[in-house]
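Heads up, the thing below is written out as structure tokens.
Indexing begins at 1, ligand by ligand and atom by atom, following the structure's order. As the structure is a prediction and not an experimental result, all values here were calculated from the model. Along the sequence shown, residues are numbered consecutively beginning with 1. For the numbers below, each heavy atom of this structure counts, side chains included, while hydrogens, waters and symmetry mates do not.
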Amino acid sequence: MTLDAIVIGAGPNGLAAAITLARAGRSVRVYEAAPTVGGSTRSAELTEPGFVHDVCAAIHALALSSPFLRSLPLAEHGLELIQPPAAFAHPLDDGTAVVVRQSIAETCEGLGARDARRYRALTEPFVEQSDDLMDALLGPLGFRHPLLMARFGRYAIQSAAGLARRMFIEERTRAMFAGLAAHSLVPLEFLATSGYALGLLIAAHAVGWPVARGGSQALSNAMASYLRSLGGEIVTDHAVATLAELPPSRTVLCDITPRQFIRLAGDKLRSGFRKRLSRYRYGPGVFKMDWALNAPVPWRAKECAQAGTLHLGGTIGEIAAGEHASWFGQVHEKPYVLVVQPSLFDATRAPVGKHTLWAYCHVPHGSAVDMRERIEAQIERFAPGFRECIVARSALFPSDLELRNANIIGGDIAGGAADLAQVFARPVSVFRPYSTSIKGVYLCSSSTPPGVGVHGMCGYHAARAALSGSLGG
Ligand SMILES: Cc1cc2nc3c(=O)[nH]c(=O)nc-3n(C[C@H](O)[C@H](O)[C@H](O)COP(=O)(O)OP(=O)(O)OC[C@H]3O[C@@H](n4cnc5c(N)ncnc54)[C@H](O)[C@@H]3O)c2cc1C
């Protein structure tokens, strides 16, 4: 029997594409190379038995912001999102921390009076319209909510380094903004890096930055379970080597990045399209670490214990220098480190009284430099005594991450560089981002708009394109 659709890859976007098609009554089968579903949204006992670590994605602000994921009955399929009391904290060398909570008023209490006023004026209008804003931000480039987007764009287009210095007076508020923008892996002096900082900040106030009870795998498992309930099939442990080997289907959606797609498609690709696709750029990589701990991290700023996420890097100058270095192929001695401490809020992650900790720093694309010492030194800087809590550690170099998931090319977690030139025209065209030169074959990974994150919107939009294209009529 000819299937309506085959999806290659069971990451959040592959699963989202399959669910969208199955909901429209189409027959769909997903092939996944790994033994489990989830792609970069998986959990595993990376250190010791009984310690569950998120191998990649850990924080689900984008899942909660996603119009598509919010429309799915994932709670009925086992997903529970847990909100830490604070979304994130940014500790500083003086022993204090900037703490961002869901309430704007409570967040403002921790900022100086002048910055509090500016912070409120910047965030509040967008938080009030956050549903419309996320609808526009998580779609392909279009004309949804034009007035709101024009207002947002005025700030978003600016470099994070520039906006932080113009908007805020206190160094600590500027540092907090820099830590947010650095999620993008793009140098903070580049245009449009403010867009990333603002999007994440608005999400912190609008929906929070939750973790998934039991680990991020629970989110992927819930998507897979819902897909099966709609009649969709998932075949794991099955890496697809070429499009030619696939059973007959009316359409194929590929949750893979351009470099892999060029290999899979072989000579079926038109040469012009192949040329444009081969010019697609990948960004810096990450060096990932996880720890099993015998106690919570002893943060010097006690309020850090209330935050799910920590941004370590001190001042705006230091964070900007680190991000500049990794983009331009250098390793920084004091890298910006992203930390998540899920077991403080989810007791299922570790044996009683024990804890897990998750972190990564940005490194040059494909870097083989061991960052263990540098990452632990950054944590120790803000939490003296941290090293004494360590029971076991896991370290994943960019090449290890790519081995676990072929989409993480050179350690690039974003499916391709996300600077202004490539964030909208992803992978090759603003106008038909999901189509390829092969009729009925679509791309649906984070290499398409709206890009990186566990939101499933790339898969959803690609499936909509297939439904009105090759599956239409
Ligand atoms: C270390 C790290 C931390 C992150 N942290 C966060 C976070 O906290 N919050 C957040 O929102 N996002 C985070 N992200 C980003 C987020 O995980 C990704 O943007 C998201 O998972 C992309 O989904 P995807 O479906 O496009 O691709 P992926 O999740 O990469 O899934 C692709 C799937 O395709 C499979 N595949 C590839 N090739 C083949 C083939 N030939 N045949 C069959 N199967 C194949 C892979 O095995 C994989 O399962 C993080 C990513 C990383 C790597």
Side-chain angles (χ1 to χ4, degrees), residues 6-18 29-42 53-66 69 88 138 183 185 199-200 203 209-212 216 219-220 223-224 234-243 245-246 252-257 259-261 263-265 285-290 308-309 338-340 342 358-363 396 398 400-416 418 426 443-460 462:
I6 285 175
V7 177
I8 301 172
N13 284 313
L15 292 171
R29 182 182 301 156
V30 182
Y31 289 111
E32 165 54 50
T36 53
V37 298
S40 288
T41 312
R42 279 186 247 242
H53 303 278
D54 290 331
V55 183
C56 297
I59 292 293
H60 297 297
L62 293 175
L64 267 188
S65 303
S66 161
L69 288 185
F88 69 93
L138 294 178
H183 278 249
L185 287 93
L200 289 169
W209 284 17
V211 295
S216 293
L219 196 159
S220 305
M223 289 182 80
I234 303 174
V235 182
T236 52
D237 269 321
H238 186 120
V240 175
T242 72
L243 292 181
E245 78 185 43
L246 293 174
V252 179
L253 288 98
C254 305
D255 184 8
I256 58 177
T257 80
R259 192 175 299 172
Q260 298 145 275
F261 182 67
R263 267 201 308 270
L264 247 69
V286 308
F287 187 99
K288 171 81 191 328
M289 288 194 76
D290 291 273
T309 302
L338 263 150
V339 175
V340 176
W358 170 113
Y360 68 72
C361 74
H362 301 152
V363 292
L396 296 171
D400 298 320
L401 290 167
E402 190 172 341
L403 217 57
R404 283 170 176 267
N405 175 356
N407 283 29
I408 310 179
I409 309 265
D412 178 350
I413 69 171
R426 212 167 163 80
L443 284 166
C444 70
S445 72
S446 62
S447 304
T448 62
V452 63
V454 180
H455 43 62
M457 295 301 289
C458 313
Y460 167 74

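Atom 53 (C) of ligand 1 has its closest protein heavy atom at I413 CG2, 3.2 Å. Summary of contacts: the protein heavy atom closest to atom 30 (O) of ligand 1 is N405 ND2, 2.8 Å. Scanning the protein heavy atoms around atom 26 (O) of ligand 1, the nearest turns out to be N13 ND2, 2.8 Å. Nearest to atom 24 (P) of ligand 1 among the protein's heavy atoms is D255 OD1, 3.3 Å. Looking only at heavy atoms of the protein, atom 43 (C) of ligand 1 is closest to A33 N, 3.3 Å. Of the protein's non-hydrogen atoms, G9 CA, 3.3 Å is the one closest to atom 34 (O) of ligand 1. Closest protein heavy atom to atom 42 (N) of ligand 1: V240 N, 2.9 Å. From the protein, the heavy atom lying nearest to atom 47 (O) of ligand 1 is E32 OE2, 2.7 Å.
Separating the CG atom in N13 from the OG1 atom in T448 is a distance of 6.5 Å, to the nearest 0.5 Å. Within the model, atoms CZ of R29 and CD1 of I8 stand 12.5 Å from one another, a figure rounded to the nearest 0.5 Å. Rounding to the nearest 0.5 angstrom, the gap separating the OG1 atom in T41 from the CG atom in N405 is 9.0 Å. Distance check, rounded to the nearest 0.5 Å: CG of L200 to NE2 of H183 gives 5.5 Å. Interatomic distance, OG of S40 versus CD1 of I413, reported as 8.0 Å (0.5 Å rounding). Atom NE2 of residue H60 and atom NE2 of residue H455 lie 12.5 Å apart, to the nearest 0.5 angstrom.
When heavy-atom distances to ligand 1 are checked against a 4.0 Å cut-off, H238 comes that close only through its backbone atoms N, CA, C and O. Contact annotation: for N407 versus ligand 1, heavy atoms closer than 4.0 Å belong to the side chain alone. Contacts between D54 and ligand 1, counted as non-hydrogen atom pairs separated by less than 4.0 Å, are absent for every part of the residue. Contacts of E402 with ligand 1, taken as heavy-atom pairs under 4.0 Å, are absent altogether.
Distances from atom 38 (N) of ligand 1 to the heavy atoms of I256, T41, V55, T236 put I256 nearest. Between P35, G11, C56, it is C56 that holds the heavy atom closest to atom 3 (C) of ligand 1. Considering only non-hydrogen atoms, atom 20 (C) of ligand 1 lies nearest to G453 out of A57, G415, G453, A239.
Residue I408 approaches ligand 1 through these ligand atoms, each under 4.0 Å from one of its heavy atoms: 53 (C). With ligand atoms numbered from 1 in the order given, ligand 1 contributes 29 (O), 31 (O), 48 (C), 49 (O) to contacts under 4.0 Å with heavy atoms of G39. Per-residue contacts place I8 under 4.0 angstrom from the following atoms of ligand 1 (heavy atoms of the residue considered): 40 (C), 42 (N), 43 (C). Against a heavy-atom cut-off of under 4.0 Å, S446 is close to the following atoms of ligand 1: 26 (O).
The shortest N or O to N or O distance between Y360 and ligand 1 is not below 3.5 Å. Ligand 1 has no nitrogen or oxygen under 3.5 angstrom from a nitrogen or oxygen of C444. For ligand 1, the polar-atom distance check against I59 finds a nitrogen or oxygen pair separated by under 3.5 Å. Looking at ligand 1, you won't find any N or O of V286 less than 3.5 Å from one of its N or O atoms. Inclusion of V452 in the set of residues having an N or O under 3.5 Å from an N or O of ligand 1 is not warranted. For ligand 1, the polar-atom distance check against R404 finds no nitrogen or oxygen pair separated by under 3.5 Å. Taking any N or O of W358, backbone or side chain, none lies under 3.5 Å from an N or O belonging to ligand 1. Checked against a 3.5 angstrom limit, the closest N/O atoms of S445 and ligand 1 fall outside it.
Note on E32 versus R42: salt bridge recorded, some NZ/NE/NH1/NH2 to OD/OE distance being below 4.0 Å.
Using cut-offs of 30° and 60° on the angle between ring planes, the pair W209 and F88 is parallel.
With hydrogens and angles disregarded, a donor-acceptor distance shorter than 3.5 Å links the side chain of W358 to the backbone of D54. Side chain of K288 to backbone of V55: a donor-acceptor contact under 3.5 angstrom is found. Judged purely by atom type and a 3.5 angstrom limit, S445 has no side-chain atom pairing as donor or acceptor with the backbone of D255.
You'll find the side chain of V240 reaches within 4.5 Å of the side chain of L264, heavy atoms only. The shortest side-chain heavy-atom distance between P35 and T236 does not fall under the 4.5 Å cut-off. With contacts defined as side-chain heavy-atom distances shorter than 4.5 Å, the pair L246/V252 qualifies.
Under a 4.0 angstrom heavy-atom cut-off, C458 registers as lying outside contact with ligand 1. Not a single heavy atom of H455 sits under 4.0 Å from any atom of ligand 1.
Under the side-chain contact (heavy atoms from CB on, under 4.5 Å) test applied with C56, the options V454, V286, L396, I408 reduce to a single match, I408.
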